[in-house]
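First comes the structure, then the notes that go with it.
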Amino acid sequence: MPASLDTTHVAIAPVPDETLADLLTRRAAEDPDGVYCYFKDEVLTLGALNARANQLANLLWQEGLRPGDRVGLMLPSHPDHIVAIYALAKLGLVRVPINVHLKGASLQHLFDHLAPRGLIADAEHADALAPELSKVEYVLWRGGQDAARAFERHAGQSAAEPPVRPAPDDILALTPSSGTTGAPKGVLKSDRTLRGGPQAILRLTGAQPGDTFLLWESLHHGAGVAVIISALIGGTRLAMVERFSASRFWDDARRYNVTHIHYLGTVVPMLLKQPPREGDRGHGVRIAWGGGCPPDLWKAFSERFGVQMREGYGLSELITFVTVNLDGPPGAIGKPLDYYDVLVADDEGKPVPVGTAGEITVRARVPKLGFLGYFRNPEAEASSRRGEWFLTGDLARQDAEGFLYYAGRKKEMLRRRGINISTWEVERVIAEHPEIEEVALVGVPSDLGEDELKLFVRVREKAGKPAALDPLALIKWSESRLPYYQIPRYVAFIDEFPKTPTQRIQKKELPRTVTDAWDLDSSGYRIGK
């Protein structure tokens, strides 16, 4: 029978009209000495955050930037980045997040497509940015030698509230889509949608005032920004680290008395593959929350580290979480929040049968929290809509109780010998191999006109050196765990995967050549069916 539209939703508080600017002003007035963020040995209070955001906003206003102007941010994971985000929000400037690892053509695409008028960047990236500087009118350098264009000048400005205020639905950011399979697109994000995602985080995590979140996410990605806003809305605290580190993760959690940890992409398997320690449960973390936990690792992670798992599903085009799993079956991404309807559909928009994979399509029940569009990309915007429904490009299955289970990316479905193959399903099985740290499966051209399967493998290190892994031994190990048509023909080893800020592997950067790979067909070994 078809999976009908699930009318069971998870209740969540409405998103109020109070803007980010007004929210920060109010929180700072109510609790000026309250801790907002820990960073190394520094403490950033709500009062100090508001004052610094006002000072930077007033400097930008004095320099001629006005509401609606686009401003690029290329800053490290540091409290200065948080200050800059709120300063732009205070003035109604449109934030253009820039990944600090971008260079060359990818950096050029961002400046050409999103066309920021201003730029606030760390001086460390001056060389990479040099070819793009002629495209912007105004630049502030953090840590640079040019005193007239120094980010640090904001410390001498007035800490009074800036002269303008954005409205609740003004556009405040152009968040890049994930870009894992193609060029990133600038997603229009309003003040309201930027607050809707954090509301969903608080609903999923059950966090209370005084709880502490470990903030490892890069702030040039929407997930990290949602976490910093959730702290304002929910009265939680942040423990900010410069970058994700699997080996230091739990030490950081202990140091800052963290209560909630966030996972995305490969974070869960990377933490599980760290050597067991006596103190694996010696921390104050209660909740591990996020998206993309391999279902088979759910219980193992929960039991080893003594945390409760909370899984959800969201996307750049909408908000951080559209569905949440508070206490449903392990491995499920849950049911939709009150803000949205979710339908698992076929290519014609019809519901698929229970247990059958179909595309996740989403319709906003709160129109102002719907998909607002892509910046200057009407073709992509039109192709992602079917009437009221947004087409996510993600696949899921729905059970008889209405719980959804993620099933990979529609664009990453490969066709081999007449059979459709989900790369996600193959990857999660092979990732269980004890010598493997990370894997990625891509399609490469076949003489038969369909796809051959090429597997990229990053092996685990032992005693500081990569473990030795024989490709044929890996194929034989896979043979009892995968159907014959899902077993890769090519195996290539890689030292480090290119990744998005949320630790998702960027498959578009992986070579589709086969001369660099071991070839099963040339080995003489034949797979039994």
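Along the sequence shown, residues carry numbers from 1.
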Residue pair Asn99 / His221, side-chain donor-acceptor N/O under 3.5 Å
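The answer is no; no qualifying pair exists.
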ring-ring contact (aromatic ring centres under 6.0 Å, His included) involving [X] - partner list, sequence neighbours excluded:
{"X": "Phe213", "value": "His260, Trp289"}
{"X": "His154", "value": "Phe151"}
{"X": "Phe301", "value": "Phe305"}

Please check if the side chain of [X] supplies one atom and the backbone of [Y] the other of a donor-acceptor pair under 3.5 Å.
{"X": "Lys90", "Y": "Asn50", "answer": "no"}
{"X": "Arg195", "Y": "Glu18", "answer": "yes"}
{"X": "Asp17", "Y": "Pro168", "answer": "no"}

Residues 243-250 side chain polar contacts: donor-acceptor under 3.5 Å, at least two apart:
{"from": "Ser245", "atom 1": "OG", "to": "Ser247", "atom 2": "OG", "distance (Å)": "3.2"}
{"from": "Ser245", "atom 1": "OG", "to": "Arg248", "atom 2": "N", "distance (Å)": "3.3"}

Only counting residues at least two apart or in another chain, list the ones meeting side chain to side chain donor-acceptor pair (under 3.5 Å) with Glu437.
none
For Tyr38, which residues count as a side chain to side chain donor-acceptor pair (under 3.5 Å) partner, sequence neighbours excluded?
Arg237
Contacts of [X] that satisfy salt bridge (Lys or Arg N to Asp or Glu O under 4.0 Å) - sequence neighbours left out:
{"X": "Asp296", "value": "Arg428"}
{"X": "Arg52", "value": "Asp80"}
{"X": "Glu242", "value": "Lys40"}

Could you note down all residue pairs passing ring-ring contact (aromatic ring centres under 6.0 Å, His included) where residues 11-30 supplies at least one of them, sequence neighbours left out?
none
Once side chain to side chain donor-acceptor pair (under 3.5 Å) is applied, what residue pairs with a partner in residues 299-308 remain, sequence neighbours excluded?
Asp280-Arg304
For residues 63-73, run the donor-acceptor check on the side chains, cut-off 3.5 Å, and write out each pair with its distance to 0.1 Å, sequence neighbours left out.
{"from": "Glu63", "atom 1": "OE2", "to": "Arg153", "atom 2": "NH1", "distance (Å)": "3.4"}
{"from": "Glu63", "atom 1": "OE2", "to": "Arg153", "atom 2": "NH2", "distance (Å)": "3.0"}
{"from": "Arg66", "atom 1": "NH1", "to": "Trp61", "atom 2": "O", "distance (Å)": "2.9"}
{"from": "Asp69", "atom 1": "OD2", "to": "Arg66", "atom 2": "N", "distance (Å)": "2.8"}
{"from": "Asp69", "atom 1": "OD2", "to": "Arg117", "atom 2": "NH1", "distance (Å)": "2.5"}
{"from": "Arg70", "atom 1": "NE", "to": "Leu114", "atom 2": "O", "distance (Å)": "2.8"}
{"from": "Arg70", "atom 1": "NE", "to": "Ala115", "atom 2": "O", "distance (Å)": "3.1"}
{"from": "Arg70", "atom 1": "NH2", "to": "Ala115", "atom 2": "O", "distance (Å)": "3.1"}

Of all the heavy-atom pairs spanning Ala400 and Val354, show the shortest one and how long it is.
N-CG1, 3.7 Å
Which atom names give the shortest non-hydrogen contact between Arg165 and Asp22, and what distance separates them?
NE-OD1, 2.7 Å
Quickly, which of Asp211, Leu238, Leu214 forms a side chain to side chain contact (heavy atoms under 4.5 Å, CB included) with Val258? Name it, please.
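Between Val258 and the candidates, side chain to side chain contact (heavy atoms under 4.5 Å, CB included) is satisfied uniquely by Leu214.
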Could you tell me how the ring of His109 sits relative to the ring of His113: parallel (under 30°), tilted (30 to 60°) or perpendicular (over 60°)?
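Ring orientation, 0 to 90° scale: parallel.
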